[in-house]
2 protein chains.
Amino acid sequence: MDLPTTKDRILDAAERLFGDRGFADTSLRTITAEAGANLAAVNYYFQSKDALIQAVFARRLGPLNQERMDMLDACEARAGDGPLLIEDVLRAFLEPAFKVGHERASTFGRLLGRMYIDPGDIFERIFREQFGATKVRFLGAFRRALPELPPEEMFWRMHFLIGALAHTMAGLHHLKVTSEGLCDASNPETVLKRLIPFLAAGFRAPVPQGDTPCDAN
Amino acid sequence: MDLPTTKDRILDAAERLFGDRGFADTSLRTITAEAGANLAAVNYYFQSKDALIQAVFARRLGPLNQERMDMLDACEARAGDGPLLIEDVLRAFLEPAFKVGHERASTFGRLLGRMYIDPGDIFERIFREQFGATKVRFLGAFRRALPELPPEEMFWRMHFLIGALAHTMAGLHHLKVTSEGLCDASNPETVLKRLIPFLAAGFRAPVPQGDTPCDAN
DNA sequence: GTCTATAACCTGATAGAC
DNA sequence: GTCTATCAGGTTATAGAC
């Protein structure tokens with residue numbers, strides 16, 4: 001077995017430190033020091049700090065979103081012409097995220113959660129490049145699972161879903177402190193078993209008044 | 001009517017810029033330039049950048065959490081010995097946040113959303129100092145509204161609630177883009193009318209298996 | 001590929017004139 | 001209270017030796 005390359009060690013260190021402290025607060029010096037690499041190495045392998053940030057995300061987001069699609073494929077194959085269960089769609093979207101968070105000792109989990117909130121043009125681009133196809137596929141699946149939901153309401157509920165996901169992944173430590181150790185998230189399945197029913201019930205909630213339903217015309 | 005003081009102009013500029021770009025990415029020079037003040041003024045009125053960040057939060061969070069408590073008081077007075085409706089507890093927690101976000105042209109809204117995610121010891125302290133009493137009061141109210149919910153599950157669901165709130169406030173622009181302009185949140189009541197039913201249904205969802213209910217002994 | 005050295009710049013903070 | 005000037009230190013990025 002080969003030792004990890006310098007490039008990989010830099011990516012690993014960056015992933016952990018960005019997740020811990022944020023992007024602006026993590027210097028290339030800190031990253032290369034933790035990676036046991038030279039400061040100049042980060043400019044040799046990547047061109048700039050921004051490019052390093054992009055590389056950190058690209059390494060995980062490609063496989064992550066592929067797994068989401070695969071799970072959704074399996075869901076739809078199983079459903080055939082029958083109804084699509086909202087719980088299954090939610091699991092296809094959430095489980096790969098929590099699994100990669102857990103595998104990487106939750107380092108990438110914090111990072112993924114932070115991506116949705118942190119500012120900067122980089123993230124707008126990362127989002128467009130990495131999530132475009134995923135967004136379209138899941139939007140369709142959510143609509144198929146809940147056809148009576150008006151499009152506007154669907155976007156809102158997906159927005160709430162993203163919020164619960166991002167904060168749950170980024171703030172698990174926060175939860176442990178607040179609950180005085182009662183809540184433990186060392187196993188991704190523990191989180192999913194609670195998050196999926198919560199969100200499924202939210203998605204199934206009656207549509208608030210004043211909205212035009214999909215099939216009103 | 002008096003013009004805003006230099007101190008207030010600095011606070012206003014800091015509030016806006018911190019919300020837009022984050023804390024580490026906003027320099028004191030940028031803040032004082034936007035405020036039309038001198039760089040040294042920020043160290044004259046506040047002692048340090050950290051102290052300025054704290055002041056920005058303290059100016060709004062005190063009144064915000066007081067209003068939450070007041071609304072909860074009114075809820076509980078109305079309920080008397082009867083049941084407490086989860087929708088009312090949620091509104092007491094959410095409405096003041098969205099109202100302050102809207103009044104301030106959503107500048108403080110983005111900032112408030114970011115607070116939950118951004119790193120650093122400052123925020124842990126802000127959270128402890130500003131939210132301690134609020135957390136205790138609302139935990140009690142949520143328990144009274146849903147007494148059958150096990151404590152662990154309650155913490156999880158409050159965690160999901162915070163996530164939906166934070167991301168909804170911080171990422172409203174994101175939602176507008178994703179929905180291609182379909183979703184508009186210029187009015188706080190519009191958001192609440194969608195968020196409260198979604199979350200209420202989530203809180204009322206059946207408890208997942210394997211949990212010990214409150215009244216199991 | 002990996003290093004040292006350094007350029008060019010930005011940061012928060014402060015001293016001291018007015 | 002408000003300004004200029006500056007300090008001391010950090011940052012990214014790069015040039016060039018090995």
Side-chain angles (χ1 to χ4, degrees), chain A residues 1-59 111 114 118-123 125-126, chain B residues 1-59 111 114-115 118-126:
Chain A
M1 77 177 223
D2 299 336
L3 291 171
T5 65
T6 300
K7 191 173 177 178
D8 281 330
R9 292 203 316 277
I10 291 175
L11 282 171
D12 290 340
E15 183 173 283
R16 199 186 70 74
L17 288 163
F18 285 151
D20 271 358
R21 317 182 186 183
F23 303 96
D25 270 324
T26 304
S27 72
L28 298 183
R29 280 175 166 79
T30 314
I31 292 170
T32 49
E34 166 144 336
N38 188 273
L39 170 61
V42 74
N43 276 78
Y44 175 76
Y45 287 107
F46 315 90
Q47 283 80 0
S48 64
K49 185 178 182 178
D50 277 7
L52 171 62
I53 295 176
Q54 275 207 278
V56 166
F57 278 107
R59 181 170 67 149
L111 194 59
R114 179 158 299 156
D118 251 307
D121 314 324
I122 328 157
F123 304 99
R125 201 176 51 197
I126 287 172
Chain B
M1 76 176 223
D2 299 337
L3 289 172
T5 65
T6 300
K7 191 174 178 178
D8 281 329
R9 293 204 317 276
I10 291 175
L11 283 171
D12 290 340
E15 182 174 284
R16 200 187 69 74
L17 288 163
F18 285 152
D20 272 357
R21 318 182 184 182
F23 304 95
D25 270 324
T26 304
S27 71
L28 297 183
R29 281 171 170 81
T30 313
I31 293 169
T32 49
E34 167 144 335
N38 188 274
L39 170 62
V42 73
N43 276 77
Y44 175 76
Y45 288 107
F46 314 89
Q47 282 82 0
S48 65
K49 186 178 182 179
D50 276 9
L52 172 62
I53 295 176
Q54 276 207 277
V56 167
F57 278 106
R59 181 170 66 148
L111 194 59
R114 177 157 300 154
M115 182 195 60
D118 251 307
D121 313 325
I122 328 157
F123 305 97
E124 304 245 340
R125 199 176 49 196
I126 288 172

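Quick note: numbers below take in every heavy atom, side chains included, and nothing from hydrogens, waters or symmetry partners. The sequence lines fix the lettering, A, B, ..., with proteins before strands; numbering per chain opens at 1.
The CZ-C1' distance, from A:Phe23 to D:dT11, rounds to 18 Å in whole Å. When rounded to the nearest whole Å, the span between CG of B:Leu39 and P of D:dC7 equals 15 Å. Between the CG atom of B:Leu28 and the C1' atom of D:dT6 there is a distance of 16 Å, rounded to whole Å. We find that CZ of A:Arg21 is positioned 10 Å from P of D:dT11, with the value rounded to whole Å.
Scanning residues 43-51 of chain A for heavy-atom distances under 4.0 Å to DNA chain D yields A:Asn43, A:Ser48, A:Lys49.
Residue B:Thr26 is classed as a sugar-phosphate contact, given heavy-atom separations below 4.0 Å to backbone atoms only. Using a 4.0 Å heavy-atom criterion, one finds that A:Ala41 contacts no nucleic acid atom at all.
Of all the heavy atoms in B:Ile31 and B:Ile10, the pair that sits closest is CG2-O, 3.9 Å.
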Practice problem: Would you sort out whether A:Asp25 and B:Phe23 count as a side chain to side chain contact (heavy atoms under 4.5 Å, CB included), showing the intermediate values? | Solution: CA-CA 9 Å; A:Asp25 270 324; B:Phe23 304 95; over 6 Å; no

Practice problem: Apply the test side chain to side chain contact (heavy atoms under 4.5 Å, CB included) to residues A:Thr26 and A:Asp20: give CA-CA distance (whole Å), side-chain angles for both, the deciding distance (0.1 Å), then the verdict. | Solution: CA-CA 9 Å; A:Thr26 304; A:Asp20 271 358; over 6 Å; no

Self-check item: Verdict with reasoning, B:Arg59 to B:Asp12, per salt bridge (charged side-chain N to carboxylate O under 4.0 Å, His left out)
Solution: CA-CA 10 Å; B:Arg59 181 170 66 148; B:Asp12 290 340; 3.0 Å; yes

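Residues passing the side-chain contact (heavy atoms from CB on, under 4.5 Å) test with A:Glu34 are A:Ala13, A:Arg16, A:Leu17, sequence neighbours excluded. With sequence neighbours left out, the side chain to side chain donor-acceptor pair (under 3.5 Å) criterion links B:Ser48 to no other residue. For B:Asp8, the side chain to side chain donor-acceptor pair (under 3.5 Å) criterion is met by B:Thr5, not counting sequence neighbours. Taking the salt bridge (Lys or Arg N to Asp or Glu O under 4.0 Å) definition, one finds that B:Arg29 meets it with nothing, sequence neighbours left out.
Mapping heavy-atom proximity under 4.0 Å, the span of DNA chain C touched by chain A runs 5' to 3' from C:dG1 to C:dT4.
Comparing B:Lys7 and B:Arg29 by the nucleotide of DNA chain D that holds the closest heavy atom to each, the one mapping nearer the 5' end is B:Lys7.
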